[in-house]
Amino acid sequence: MFDIAVLISGSGTNLQALIDADKEGKWQIKLVVSDNRNAFGLKRAAAANIETLFISKHEPGVLLDLLKKTGVDGIVLAGYLSILPREITAAYEGRIINIHPSLIPAFCGKGFYGARVHAAVLESGIKTTGATVHFVNDEIDSGAIILQKPVPVLDGDTVESLQIRVLRTEHEILVKGVKILVEGASS
Ligand code: GRF
């Protein structure tokens, strides 16, 4: 069984997609960690009887110790806003994936997260945005891309309407991305 830890900071709709996913008996969410003690995603995990923990972004050593103690095989960043320290990205090289709400390399990197991404997309006037699942290294949003899917920008879109449309695609490709991570580990 491939055990994953999911790291969150907010509402956890991507986490919920993983909770609800058909895991085909191949993987399971062993642990959910948030750097925000008020993250609604922690309630989602608790409702699914998944171990949850708040770990401040100022305690990366605590996070690494917990991951090792729990024995997770992979890590999924699902709206996790803190930067993982090199001690963690090195220890889990090739086994950490992230979901980003744009078509990387567009609209990514420092300062591009959550609604800010969609505001920049609308400001740019482009007609197609999307979502990306990628491996995590020690540079923001720059690891090898695993999956991408385009999402149309519609006339009259607001940040909220675009974010909702992109989120649906995020949920879809994140589940597929975990399956690729699991298959890659077993091959
Ligand atoms: C998503 O848009 C994700 O791409 C970004 O932060 C948001 C998290 O949403 N990194 P949720 O907490 O999964 O609902």
Side-chain angles (χ1 to χ4, degrees), residues 4-21 23 29 31-48 50 52-55 57 63 74-84 88-89 96-124 126 128-154 157-181:
I4 65 167
V6 181
L7 277 52
I8 62 167
S9 298
S11 56
T13 64
N14 277 285
L15 166 65
Q16 192 64 54
L18 297 178
I19 290 170
D20 297 341
K23 302 170 180 63
I29 303 170
L31 176 68
V32 171
V33 177
S34 180
D35 58 359
N36 168 9
R37 66 174 77 248
N38 300 315
F40 186 70
L42 289 172
K43 290 184 170 49
R44 295 178 190 271
I50 298 167
T52 61
L53 216 72
F54 160 72
I55 298 182
K57 65 181 177 183
L63 177 55
I75 301 168
V76 178
L77 308 187
Y80 187 67
L81 297 180
S82 297
I83 303 300
L84 284 183
I88 293 180
T89 54
I96 311 175
I97 65 173
N98 180 51
I99 177 76
H100 183 76
S102 76
L103 294 175
I104 288 175
F107 306 103
C108 70
K110 192 167 175 52
F112 281 105
Y113 56 88
R116 291 179 177 209
V117 172
H118 307 299
V121 165
L122 291 175
E123 177 68 27
S124 75
I126 62 169
T128 301
T129 185
T132 303
V133 178
H134 63 94
F135 284 108
V136 172
N137 57 23
D138 46 19
E139 303 289 327
I140 301 178
D141 297 335
S142 65
I145 291 174
I146 300 169
L147 283 173
Q148 293 190 301
K149 186 167 182 179
V151 174
V153 180
L154 303 179
D157 259 335
T158 62
V159 168
E160 290 72 25
S161 63
L162 185 55
Q163 183 163 33
I164 289 166
R165 190 174 314 117
V166 173
L167 264 176
R168 274 199 293 272
T169 294
E170 290 179 46
H171 300 162
E172 176 193 339
I173 66 170
L174 185 57
V175 171
K176 289 179 181 170
V178 170
K179 291 180 179 178
I180 290 170
L181 176 66

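Counting starts at 1 for both ligands and their atoms, following the listed order.
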Pair S9-D35, side-chain donor/acceptor within less than 3.5 Å: yes
Under 4.5 Å between any side-chain heavy atoms of [X] and [Y], yes or no?
X    : Y    : answer
V76  : L15  : no
Q163 : P101 : no
T13  : R44  : yes

Any N/O pair [X]/ligand 1 closer than 3.5 Å:
X    : answer
E170 : yes
G10  : no
T13  : yes
Q163 : no

Residue, atom name and distance, where the atom is the protein heavy atom closest to [atom]:
atom                    : result
atom 6 (O) of ligand 1  : G79 CA, 3.6 Å
atom 12 (O) of ligand 1 : G12 N, 2.8 Å
atom 9 (O) of ligand 1  : N14 ND2, 3.8 Å

Partner set under salt bridge (Lys or Arg N to Asp or Glu O under 4.0 Å) for R168, not counting sequence neighbours: none
Sub-4.0 Å heavy-atom contact, G41 with ligand 1: no
Within-shell test, I8 vs ligand 1, heavy atom, strictly < 4.0 Å: no
Under the side-chain hydrogen bond (donor to acceptor under 3.5 Å, both in side chains) test, residues paired with T169 that sit two or more places apart: none
Atoms in ligand 1 flagged as close to I99, the criterion being non-hydrogen separation under 4.0 Å: 4 (O), 10 (N)
Where A17 and V175 come nearest, the two heavy atoms and their spacing: O-CG2, 3.7 Å
